[in-house]
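Since the model is a prediction, treat every value here as computed from it, not as a measurement.
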Amino acid sequence: ARAGLATPRMAALPHDMFRELGAAHLVAALGERIGYPMIVKPARSGSALGCSKVTSAAELPTAMVNAYAYGDLAVIEEFIEGTEVAVPVVELDGQVLPLPAVEIRPNSGIYDYTARYTAGETRFIAPADVSDEVAAACAALAVAAHQVLGLRDLSRADIIVRPDGTPVCIETNSAPGMTETSLMPLSVEAAGYNFGLLCAQLVDNAWARRLA
C-alpha cells in the first residue's frame with residue numbers, strides 16, 4: 001500500500017489485543033473501519049485455513065477465533081467483489097517475468113479450503129478469461145508486489161479484478177503451491193514452459209548464488 005499498489009482496506013490484530021480490548025469493542029471498530037462483508041484470515045499459513053467471509057457483526061467473533069487457531073496475528077480486510085486470478089512471477093536469466101494469470105471460479109463463490117481440495121468444486125481457466133489490458137495490469141501488479149516485498153526466484157500474487165477492470169492485490173505468496181493441482185503449474189503450462197525444466201532452472205539459479 002505504501003508503494004502505491006492497490007490493496008484492500010485492512011487491519012492486523014494480535015491475539016493479545018483481541019483478548020484485552022474485548023470482542024464487543026473490536027467488532028464495532030472493525031465494522032466501522034472495514035465494513036461488511038469482510039474477510040478474516042491468519043496472517044500466515046496457507047490453503048485458506050482459518051479463513052472466513054464475514055457478512056455481519058454477529059459472525060465476526062467466531063471468525064476471529066478461527067483465524068487465531070492458526071497463529072497469533074489475524075488479518076481483517078474488506079471483501080473485494082470481482083474476478084479472482086493468480087499470477088505467478090519467476091526470475092529467469094536475470095529477468096523478473098510474470099506468467100499467465102489463472103482465473104479461479106469456485107462454485108461457492110469463495111476459494112476456501114473445501115473449494116481448493118474437493119474435486120469439481122472449482123473451475124480453473126489458464127490463461128484467465130480477461131481482456132489483454134486487464135491481463136497486462138494484473139501482470140504488472142504481480143511483478144511490482146514481488147519487487148516491493150523483496151522476494152526472489154518465484155512468487156504468486158493473488159488478485160481480485162474489480163468489475164471496472166481494476167486489479168487489487170490481496171496477497172503475495174513467497175512459497176506458492178507446486179503440486180499437480182496447484183495454480184503455478186497451470187500457469188507454467190499456459191506459458192508453454194516445461195514445468196520440470198523451469199523448476200530445474202530455479203534450482204540452478206539458487207545453486208549458482210551459493211557458489212558465488
Side-chain angles (χ1 to χ4, degrees), residues 5-8 39 41-51 70 75 80 82-108 110-132 134-161 167-209:
L5 306 186
T7 60
I39 292 289
K41 60 188 180 182
R44 296 177 179 84
S45 189
S47 298
L49 292 170
C51 181
Y70 294 91
V75 173
I80 306 291
T83 301
E84 185 168 2
V85 300
V87 182
V89 173
V90 295
E91 296 185 23
L92 299 173
D93 300 322
Q95 292 183 299
V96 181
L97 303 174
L99 299 181
V102 178
E103 184 175 344
I104 303 162
R105 295 186 181 179
N107 294 338
S108 65
I110 297 292
Y111 192 43
D112 57 10
Y113 185 88
T114 300
R116 290 166 192 247
Y117 298 108
T118 304
E121 284 298 310
T122 302
R123 181 185 175 198
F124 302 102
I125 302 171
D129 186 18
V130 297
S131 69
D132 291 344
V134 169
C138 290
L141 181 58
V143 168
H146 180 92
Q147 293 174 324
V148 163
L149 293 171
L151 303 182
R152 188 172 65 185
D153 295 327
L154 76 165
S155 67
R156 191 195 75 225
D158 295 338
I159 294 169
I160 303 292
V161 181
V168 180
C169 186
I170 303 301
E171 63 185 43
T172 296
N173 298 268
S174 59
M178 302 285 277
T179 70
E180 291 182 355
T181 58
S182 299
L183 299 173
M184 185 155 185
L186 291 174
S187 179
V188 170
E189 182 179 353
Y193 295 151
N194 180 287
F195 185 65
L197 293 178
L198 176 68
C199 291
Q201 185 165 354
L202 292 173
V203 171
D204 286 344
N205 293 347
W207 183 251
R209 283 198 304 271

| Shortest non-hydrogen contact from Leu5 toward Ala144 | CD2-CB, 3.8 Å
| task | Evaluate the side-chain proximity of Ile170 to Lys41: yes if any heavy-atom separation is below 4.5 Å, no if none is. | result | yes
| field | Atom CD of Glu171: over 12 foreign heavy atoms under 6.0 Å | value | yes
| message | Tell me the closest heavy-atom pair linking Cys138 and Val85, and the distance in Å. | response | SG-CG2, 4.0 Å
| said: Are Asp93 and Asn205 packed together at the side-chain level, in the sense that at least one heavy-atom pair is separated by less than 4.5 angstrom? | reply: no
| field | Selection residues 115-126 - residue pairs positive for salt bridge (charged side-chain N to carboxylate O under 4.0 Å, His left out), sequence neighbours left out | value | none
| task | Check Tyr117 against Ser47 and note the closest heavy-atom contact, atom names and distance. | result | OH-OG, 2.7 Å
| query | Residues in side-chain contact (heavy atoms from CB on, under 4.5 Å) with Thr114, at least two apart? | reply | Asp112, Thr118
| task | Taking all non-hydrogen atoms of both residues into account, name the closest pair between Tyr70 and Ser45 and its distance. | result | CD2-OG, 4.2 Å
| note | Ala115 and Ile110 have their tightest heavy-atom pair at CB-O, 3.5 Å
| note | Which of Leu141, Val134, Val168 passes side-chain contact (heavy atoms from CB on, under 4.5 Å) with Val161? It is Val134
| request: Quick one: list whatever passes side-chain contact (heavy atoms from CB on, under 4.5 Å) with Ala191, sequence neighbours left out. | output: Leu99, Pro100, Tyr193
| Is there a side-chain contact between Pro88 and Leu183 (heavy atoms, below 4.5 Å)? | no
| task | Could you tell me the separation between the OG atom of Ser174 and the CG atom of Asp153, rounded to the nearest 0.5 Å? | result | 11.0 Å
| task | For Arg44, enumerate each residue passing the salt bridge (charged side-chain N to carboxylate O under 4.0 Å, His left out) test, keeping only those at least two apart in sequence or located in another chain. | result | none
| query | About how many Å separate CG of Asn173 and CG of Leu154, when rounded to the nearest 0.5 Å? | reply | 10.0 Å
| request: Under the side-chain contact (heavy atoms from CB on, under 4.5 Å) rule, collect the residues that match up with Val96, sequence neighbours excluded. | output: Val89, Glu91, Val143, His146, Gln147
| Between Ala128 and Glu103, which heavy-atom pair has the shortest distance, and what is it? | CB-CB, 3.6 Å
| Ala140: what forms a side-chain contact (heavy atoms from CB on, under 4.5 Å) with it, not counting sequence neighbours? | none
| query | Is Thr83 close to Asp129 at the side-chain level, that is, under 4.5 Å between some pair of heavy atoms? | reply | no
| note | Separation between CZ (Arg156) and OG (Ser182), nearest 0.5 Å, reads 7.5 Å
| field | Interatomic spacing from CG in Leu149 to SG in Cys169 - rounded to 0.5 Å | value | 7.5 Å
